[in-house]
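Residues: numbered from 1 along the sequence shown. Both ligands and their constituent atoms are indexed starting at 1 by order of listing.
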Amino acid sequence: MVWTGWVNETRLAARSIAAYATDWVNPTLRLGVTGLSRSGKTVFITALVHGLLTASRWPVFEPQAQGRIARVRLEPQPDDGIPRFPYEDHLATLTGPREWPEGTKRISEIRLAIDFASNAGFMRGTEKTLTLDIVDYPGEWLLDLPLLAQSYSEWSRRSIEAARRPPRAALAEEWLTATDEVEPFGKGGEAEARRLADKFTRYLKSCRDERVSLSTLPPGRFLLPGEMEGSPALTFAPLDLAGREPAGDSLAALMEKRFESYKRLVVMPFYANHFATLDRQVVLVDALAALNAGPAALADLELALADVLTAFRPGSNSILSSMLARRIDRILFAATKADHLHQTSHDRLEALLKRLTDRAIRRAEFAGARVEPVALASLRATRETTVTRRGQSLPCIVGTPMPGEQAGGETFDGSREVAVFPGELPADPTGLFAGPDAFRGEDYRFVRFLPPKADPTQALPHIRLDRAVEFLIGDRLA
Ligand SMILES: Nc1nc2c(ncn2[C@@H]2O[C@H](COP(=O)(O)OP(=O)(O)O)[C@@H](O)[C@H]2O)c(=O)[nH]1
Ligand SMILES: [Mg+2]
């Protein structure tokens with residue numbers, strides 16, 4: 001490891017002492033919202049903030065249901081160096097032209113102050129304020145954290161091994177061929193590094209394609225480079241080192257140097273400045289996209305969840321754990337977009353997610369924080385109905401499919417509502433993990449809908465969002 005951690009560590013320790021002192025008087029909860037690109041972070045945060053600001057009737061969110069929340073207001077965020085989450089713009093886009101927000105590619109933050117009446121012991125009835133910071137960051141960055149514990153040769157070996165197996169093998173072919181053609185221990189130059197990095201990046205991007213929908217694809221900035229685009233720290237790729245270590249001025253040595261730069265310049269700062277300050281975390285999972293793509297995507301999603309858990313609770317003597325200023329004590333895994341299913345399948349989606357996280361917990365030997373699964377829709381785009389067809393009644397959903405969406409041989413133009421039979425998830429998810437043929441010809445394909453017609457001054461439709469909020473902040477409003 002090139003990086004020496006103590007400068008950052010002391011700073012973090014100082015910060016956590018300060019945080020502790022102010023926490024006592026004026027408690028602050030920093031909630032991280034993450035998930036891979038398109039998992040639903042922007043919509044989730046918009047719906048969450050809106051629900052709190054408009055005091056939506058959320059039966060399962062106790063402080064609200066008990067009428068103890070006096071006032072919720074937006075406040076200036078604490079970190080001047082981070083963009084503010086553009087809540088107002090997103091709400092306007094969703095409810096005005098009924099468009100889904102544009103994808104975001106970086107971190108952002110928003111702060112709420114919640115005035116509430118305590119119901120805890122001798123504090124009962126006293127007015128308190130909880131400051132809630134919501135931090136939105138790409139899940140791709142989170143999946144980079146395991147890199148900190150890997151050397152370049154180790155990472156190379158793992159990446160190449162994974163790329164040689166289906167379903168990656170077909171997508172990786174061009175990059176792997178190019179890799180086989182270079183001499184890792186020959187003198188390497190910029191042009192070669194760039195060529196391999198380009199092909200490697202293209203391969204990673206194709207893995208995210210919705211037909212494949214794989215989840216474990218570090219380095220995350222290769223997918224979401226942001227302001228780092230084109231810099232040397234992003235211009236490297238794995239090489240087949242055949243067990244040797246990089247040395248001298250070889251191509252392998254150049255790649256190794258850049259891999260270390262990536263860790264130092266990209267992964268570490270994110271970890272120290274943002275991640276290490278979080279108290280609670282919600283991880284949004286597009287389990288339906290994985291179902292759409294098939295058993296391999298589902299298996300990969302499980303691996304990604306295990307990596308996520310390792311990031312939250314690194315083993316006791318790792319470099320990561322020494323830097324954690326706070327301990328994340330609750331993690332919510334949320335399967336988003338449940339409104340693509342009839343309610344008969346909501347519990348089933350939750351059961352599938354539970355199964356995924358249980359196995360990930362075991363794989364990551366994870367213990368300590370409370371982990372809960374929920375299937376939700378932050379903004380419900382459909383309602384339910386029953387359609388009778390040939391004497392059989394089918395549980396269907398009604399919504400306006402987005403222009404270009406297809407179902408039952410029909411292509412929609414985005415102008416009218418239709419009822420679709422979304423299919424049903426199996427009652428027992430076990431079968432979905434039974435290997436490459438696990439889906440037994442079952443084709444899980446879900447139509448995408450426009451956001452619902454909604455009045456932004458009123459409560460917005462959702463599924464189980466209140467349960468998520470209760471788990472994430474309910475106990476801190478006691
Ligand atoms: N039907 C439905 N679609 C959703 C919901 N949340 C997100 N989506 C869809 O998922 C896409 C990605 O959501 P977004 O919040 O932008 O994801 P992000 O990249 O994680 O911020 C949106 O454009 C919508 O098409 C939801 O609650 N219901
Ligand atoms: Mg977003």
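- Scanning the protein for heavy atoms near atom 18 (P) of ligand 1, the closest one is Lys41 N, 3.5 Å.
- With values rounded to the nearest 0.5 angstrom, Lys354 atom NZ is found 13.0 Å from Arg359 atom CZ.
- Ring to ring, Phe421 and His342 are not that close: their centroids are 6.0 angstrom or more apart.
- Ring orientation note: the planes of His90 and Phe85 are tilted relative to one another, at an angle of 30° to 60°.
- At a 3.5 angstrom cut-off on N or O pairs, Ser378 counts as close to ligand 1.
- Below 30°, between 30° and 60°, or above 60°: for Phe200 and Trp175 the angle between ring planes is between 30° and 60°, a tilted geometry.
- Looking only at heavy atoms of the protein, atom 1 (N) of ligand 1 is closest to Asp339 OD2, 2.8 Å.
- For ligand 1, the atoms sitting less than 4.0 Å from at least one non-hydrogen atom of Ala377 are 27 (O), numbered in the order shown with element in parentheses.
- Here the CH2-CG distance, from Trp58 to Leu465, works out to 4.5 Å after rounding to the nearest 0.5 Å.
- A tilted orientation is assigned to the rings of Phe270 and Phe275, their planes being inclined by 30° to 60°.
- The closest side-chain heavy-atom distance from Leu176 to Ile160 is below 4.5 Å.
- In this structure, a donor-acceptor pair under 3.5 Å is present between the side chains of Thr411 and Gln406.
- Not a single heavy atom of Arg448 sits less than 4.0 Å from an atom of ligand 1.
- Closest to atom 7 (C) of ligand 1, if we only count protein heavy atoms, is Val43 CG2, 3.7 Å.
- Remark: Asp279 does not engage Arg30 in a salt bridge, criterion side-chain N to carboxylate O under 4.0 Å.
- The shortest N or O to N or O distance between Ala381 and ligand 1 is not below 3.5 Å.
- In terms of protein heavy atoms, atom 19 (O) of ligand 1 is closest to Arg38 N, 2.8 Å.
- With a 4.5 Å cut-off on side-chain heavy atoms, Val447 and Phe449 count as touching.
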* Asked: How far apart are the C-alpha atoms of Leu36 and Ser215, what are their side-chain angles, what is the distance that settles it, and do they pass the side chain to side chain contact (heavy atoms under 4.5 Å, CB included) test?
  -> CA-CA 8 Å; Leu36 293 180; Ser215 306; 3.7 Å; yes
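- Between Ser39 and ligand 1 there is a heavy-atom distance shorter than 4.0 Å.
- Ranking protein heavy atoms by distance to atom 26 (C) of ligand 1, first place goes to Leu379 O, 3.3 Å.
- Of the protein's heavy atoms, Gly40 N, 3.0 Å lies nearest to atom 17 (O) of ligand 1.
- Checking only distances, Phe44 never comes within under 3.5 Å of ligand 1, N or O to N or O.
- In this structure, Glu102 falls outside the shell of residues with a heavy atom less than 4.0 angstrom from ligand 1.
- Nearest protein heavy-atom contact of atom 8 (N) of ligand 1 is Lys337 CE, 3.6 Å.
- Of the heavy atoms in His462, none comes closer than 4.0 Å to ligand 1.
- Closest protein heavy atom to atom 21 (O) of ligand 1: Thr42 OG1, 2.8 Å.
- Considering the Mg ion (ligand 2) as centre, the angle to OG1 of Thr42 and to OG1 of Thr104 is 110° (10° rounding).
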